[in-house]
Amino acid sequence: TIDFVRVFGNVGTVSTPTDGSVTANKIGTGAVTTDKLADNSVTSAKITGVSFGKILQVQHVNYTTTDNYNTTYVDIMTKNIIPSATNSVILIQATVATHHTAVGQHSAKLVKDGSALNYEVGDFYHPSGSGVAGNIKIQYVDSPNTTNAVTYKIQVKAEAGSGSTNKDYNGTNNGVSSLVLMEIGA
């Protein structure tokens, strides 16, 4: 704020500069600070030439059912997402709570529209037998290149023996598996 003005010589007319007459190179360094900007004066609509990736939508499922499985893959979680743009990517995060009913490894895989997106992941092995709970985690970034519905699902199996989902070490059903789909805009 200006507390006073001292005038020497002739007093001229003081007016507001016309639109476009004040350019960036006419503003002194440090003349514009955050404190001098009005609230909400800079919005994302006013920022050009900068690209920010942002989460456009999130679809998820929490799965608490106990499924028994053996050496054949079974579907445990399925979720659809409809991308809002063809250049969006989908970040997929999944956790499968497993329980060994016999010695062996457990595997999970991510499937998109009926085709596997990755190899078997998150094998968990317990050499001394049953009663061991584990978690298999999957993270994957997919570029579906469509605005049509895309279906992702998680499948699980035992490499040998058998197992269950969502059980603790006592075999009690109190676990949770989850599948999260996040659309990220370019």
Side-chain angles (χ1 to χ4, degrees), residues 24 27 32-69 71-100 105-126 132-159 163-168 173-186:
I27 299 173
V32 178
T33 64
T34 319
D35 294 334
K36 294 178 183 176
L37 295 175
D39 290 342
N40 299 321
S41 63
V42 178
T43 64
S44 60
K46 295 177 183 175
I47 298 174
T48 60
V50 180
S51 177
F52 298 102
K54 57 185 143 193
I55 296 174
L56 303 177
Q57 66 172 308
V58 177
Q59 301 293 327
H60 68 90
V61 60
N62 288 328
Y63 186 74
T64 57
T65 302
T66 296
D67 284 322
N68 297 316
Y69 53 86
T71 58
T72 303
Y73 273 113
V74 296
D75 299 344
I76 61 164
M77 294 180 285
T78 301
K79 194 68 184 170
N80 295 329
I81 191 167
I82 301 172
S84 57
T86 56
N87 62 346
S88 294
V89 296
I90 309 298
L91 172 61
I92 301 117
Q93 296 177 315
T95 300
V96 180
T98 62
H99 177 263
H100 284 247
Q105 297 173 324
H106 293 228
S107 302
K109 69 178 175 179
L110 174 62
V111 176
K112 171 185 153 187
D113 291 335
S115 299
L117 284 176
N118 57 1
Y119 298 102
E120 297 175 352
V121 295
D123 291 350
F124 179 84
Y125 177 75
H126 187 270
V132 176
N135 283 302
I136 298 173
K137 298 201 182 283
I138 295 173
Q139 285 199 9
Y140 188 86
V141 177
D142 187 33
S143 301
N145 196 31
T146 186
T147 55
N148 297 323
V150 181
T151 302
Y152 295 97
K153 66 181 165 183
I154 300 297
Q155 297 179 329
V156 65
K157 75 172 185 173
E159 295 295 326
S164 302
T165 58
N166 301 322
K167 288 184 177 180
D168 64 15
N173 181 359
N174 65 7
V176 62
S177 296
S178 63
L179 173 61
V180 179
L181 309 175
M182 286 186 269
E183 179 185 5
I184 302 172

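Only a predicted model underlies this, so the values are computations on that prediction, with no experimental measurement involved.
Counting heavy atoms from C-beta on, the side chains of V58 and V180 come closer than 4.5 Å. Residues V96 and M77 are in side-chain contact: their nearest non-hydrogen atoms beyond the backbone lie under 4.5 Å apart. When side chains are defined from C-beta on, L179 does not count as touching H60, because their heavy atoms never get closer than 4.5 Å. A 4.5 Å side-chain heavy-atom check between P83 and V150 finds at least one atom pair inside the cut-off. You'll find the side chain of I76 stays beyond 4.5 Å of the side chain of Y69, heavy atoms only.
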> Does the side chain to side chain contact (heavy atoms under 4.5 Å, CB included) test come out yes or no for I90 and M182, once each step is laid out?
Replying inline: CA-CA 5 Å; I90 309 298; M182 286 186 269; over 6 Å; no
>> Run the side chain to side chain contact (heavy atoms under 4.5 Å, CB included) test on D75 and K153 for me, step by step, so that the C-alpha distance in whole Å, both residues' side-chain angles and the decisive distance to 0.1 Å come before the verdict.
In response: CA-CA 7 Å; D75 299 344; K153 66 181 165 183; 3.1 Å; yes
> Are T64 and N173 close enough, and set up right, to give a side chain to side chain donor-acceptor pair (under 3.5 Å), and what steps lead you there?
Replying inline: CA-CA 8 Å; T64 57; N173 181 359; 6.0 Å; no
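The two residues K112 and P144 come nearest to each other via the heavy atoms NZ-CA, 3.8 Å. Residues A97 and V176 share a closest heavy-atom pair of CB-O, 3.8 Å. Looking at every heavy atom in both residues, E183 comes nearest to I82 through OE1-O, 4.1 Å. Counting all heavy atoms, side chain and backbone alike, I154 lies closest to A108 at CG2-CB, 4.5 Å. Across G185 and S88, no two heavy atoms sit closer than the pair CA-OG, 4.1 Å.
In this structure a side-chain-to-backbone donor-acceptor pair under 3.5 Å is present from T165 to T65. Under the 3.5 Å distance criterion, the side-chain polar atoms of T146 are matched with a main-chain donor or acceptor of N148.
Applying the side-chain hydrogen bond (donor to acceptor under 3.5 Å, both in side chains) test between S164 and each of N68, T98, T66 identifies N68 as the sole match.
In this structure, CD1 in I184 is found 5.5 Å from CD1 in I55, a value given to the nearest 0.5 Å. With rounding to the nearest 0.5 Å, the separation of CG in N166 from CG in N62 is 10.0 Å. Atom CG of D142 and atom CG of L91 lie 10.5 Å apart (nearest 0.5 Å). If you take CG on L181 and OH on Y140, they are separated by 13.5 Å, rounding to the nearest 0.5 Å. Taking OG of S178 as the reference point, atom CD of Q93 lies at 8.5 Å (rounded to 0.5 Å). In this structure, the separation between NE2 on H99 and CG on D67 is 14.5 Å, given to the nearest 0.5 Å.
A donor-acceptor pair shorter than 3.5 Å cannot be found between the side chains of N80 and Y152. For the 3.5 Å distance criterion, the side chains of Q57 and S84 fail to qualify, holding no donor opposite an acceptor.
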